[in-house]
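Written out below as structure tokens is the structure these notes cover.
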Number of protein chains: 2
Amino acid sequence: MKWKVKEVAELVGVSVRALHHYDEIGLLTPTETMESGYRLYSEENLETLQQILFFKELGFPLKEIKTMLNNPSYDRKEALVLQRKMLVEKRGRIDQMIETIDKTIKHMEGEIHMTNEERFKGIQFTSNPYEEEARKRWGNESVDEANKKLQSLTKDEQHELSEKWDTIFKKLASLRKQSPESEEAQAAIKEWYDLLNNNFGQYTLEAFRGLGQMYIQDERFTKNIDQYGEGLAAFMSEAMTVFANKQNKS
Amino acid sequence: MKWKVKEVAELVGVSVRALHHYDEIGLLTPTETMESGYRLYSEENLETLQQILFFKELGFPLKEIKTMLNNPSYDRKEALVLQRKMLVEKRGRIDQMIETIDKTIKHMEGEIHMTNEERFKGIQFTSNPYEEEARKRWGNESVDEANKKLQSLTKDEQHELSEKWDTIFKKLASLRKQSPESEEAQAAIKEWYDLLNNNFGQYTLEAFRGLGQMYIQDERFTKNIDQYGEGLAAFMSEAMTVFANKQNKS
DNA sequence: TATAAAGGATGACGTAACGTGAGAGTCAAT
DNA sequence: ATTGACTCTCACGTTACGTCATCCTTTATA
């Protein structure tokens, strides 16, 4: 079964405009559209929409929701479990606020004393631990950080950096036919590791390995990297894992 | 005891910028400021802030919160009770969402069937009855017949009206240093009187004089009016009395 | 089958509630 | 006297839509 915008809007309780917006930003593009241009939402679209709305309720910005849903390792059931945890957490906060209100009323009646911190219990922005987990699992914090740094550089610095970058990738591309464990490959990977560390702050070995994983898991990365040569992403990914393991032992 | 912005910010868990913003829009102006311009928040300010944040948590827009808090019949304890009710309601919604998640997971495992409505239970925008109550008691709706009329106007008419309103207040503010009995002041007050009569039905001179009294007796009115200039409320109040007396004689 | 009402599409501008510097002054401790 | 942490006021940027305006389909009804 397929639904038109208004039907979806009424079914799930969002505005038509919102659906348009989600389409605009590529968060939820209906799988089908009639020749007239009318949007037709599928069952699957509804499932995605449910996910979107849960995340939204939990305070995630749309952009973040998008990257999470697009993440190749995104898993709906796992997400639901996490969302559940976050909701329970949120309910806890509400309970605290209710308690705070009760106390405040009593305080007004002179029955009890109240510290100023107590006055705001539950309202405060206590970052939810599960939120972090979601971001780590499916978000791209590290990549975002890196991009921010990149943009903070001057034009010249950016240029310089991209040249170094280019050199390394070309070198790696030329090596990709041999083993990722070869000395040359590992040396090139070390260069890559150092470059990242010099420019984007601390890349722990864990993060480095994770980055390598992303190169093959996330097709946006894969595509970009493979422009230097088919299979480069896979090659780098493996070499990075090897590198991380080696370093770990030493 | 007094607090500087950052202290308040950390105590209650909002950003300094937010506090600046609340000051900018006249939602929460610190009672005191040092000669250097530093904001100093009082105990009372904190109480107001608590109210603001509760309402915000419940989804009220700042503008609405402002009019509610400024409403002369606003009662803090009553508000707390209502807020409590709304929070309980909200908690109920969260419980529903949790249930929805549980069902969805079961559904994914093929254990149960799920209608499309069930899929979005709790997420939907179900307007909270207590919200309406709050709006009725302290929102714009309460200010009486006058505002009903106001709301019956079209957007354009409303806009036009508020511009006229604004013009008159600004004019009055510019005159407030001279005598309330001066010809100019009285002319401006007449404009004000006419505007009220044209838009909100009959304002007897009695009522007009009474309104003037409210401007100084009720600090919430005073605050609002004095945003156009310190002492404007007092000035208008006097000018309105003078005006009413004069009209009465003729 | 014509015709209107209802719904849909695409701009494009508006709004709310801050975030995010920039540039400059202030306070408190050393 | 200096320095580092705060503070102030612009002022522009951002997010997630709301709100027309204008024009085009679809559908219900006569």
Q) Any side-chain N or O of A:K66 under 4.0 Å from OP1/OP2 of D:dA16? A) no
Q.
Could you check whether B:K6 pairs with B:E10 (Lys NZ or Arg NE/NH1/NH2 to Asp/Glu carboxylate O, under 4.0 Å)?
A. yes
Q.
Distance check, rounded to the nearest 0.5 Å: B:L28 atom CG versus B:H21 atom NE2?
A. 12.0 Å
Q. For residues B:E57 and B:Q83, is any side-chain donor paired with an opposing acceptor at under 3.5 Å?
A. no
Q.
Output the rounded distance in Å from CD1 (B:I52) to P (C:dA16).
A. 17 Å
(Q) Protein within reach of the bases, or only the backbone? For nucleotides 1-9 of chain D, mark each nucleotide 5' to 3' as B, S or -, using heavy atoms under 4.0 Å. (A) -----BSSB
Q) Roughly how far, to the nearest 0.5 Å, is the OH atom of B:Y22 from the CG atom of B:L53? A) 6.0 Å
Q) Taking the side chain of A:R17 as heavy atoms from C-beta outward, which of C:dT20, D:dC17, D:dA16 is closest to it? A) D:dC17
Q) Between A:E24 and A:M34, which has a closest nucleotide on DNA chain D that is more 5'? A) A:E24
Q.
Could you tell me how far apart A:I25 (CD1) and D:dT14 (C1') are, to the nearest whole angstrom?
A. 13 Å
Q. Mapping B:E35 and B:K63 onto DNA chain C by nearest heavy atom, which one lands closer to the 5' end?
A. B:K63
Q. A:T31 and A:E44: side-chain donor and acceptor closer than 3.5 Å?
A. no
Q. What integer distance in Å separates A:H21:NE2 from D:dT14:P?
A. 14 Å
**Q.** Between C:dA17 (P) and B:L19 (CG): distance, integer Å
**A.** 15 Å
**Q.** Candidates C:dC27, C:dC18, D:dA16 - which lies nearest the side chain of B:K56
**A.** C:dC18
Q. Is there a donor in the side chain of B:T48 and an acceptor in the side chain of B:N45, or the other way round, less than 3.5 Å apart?
A. no
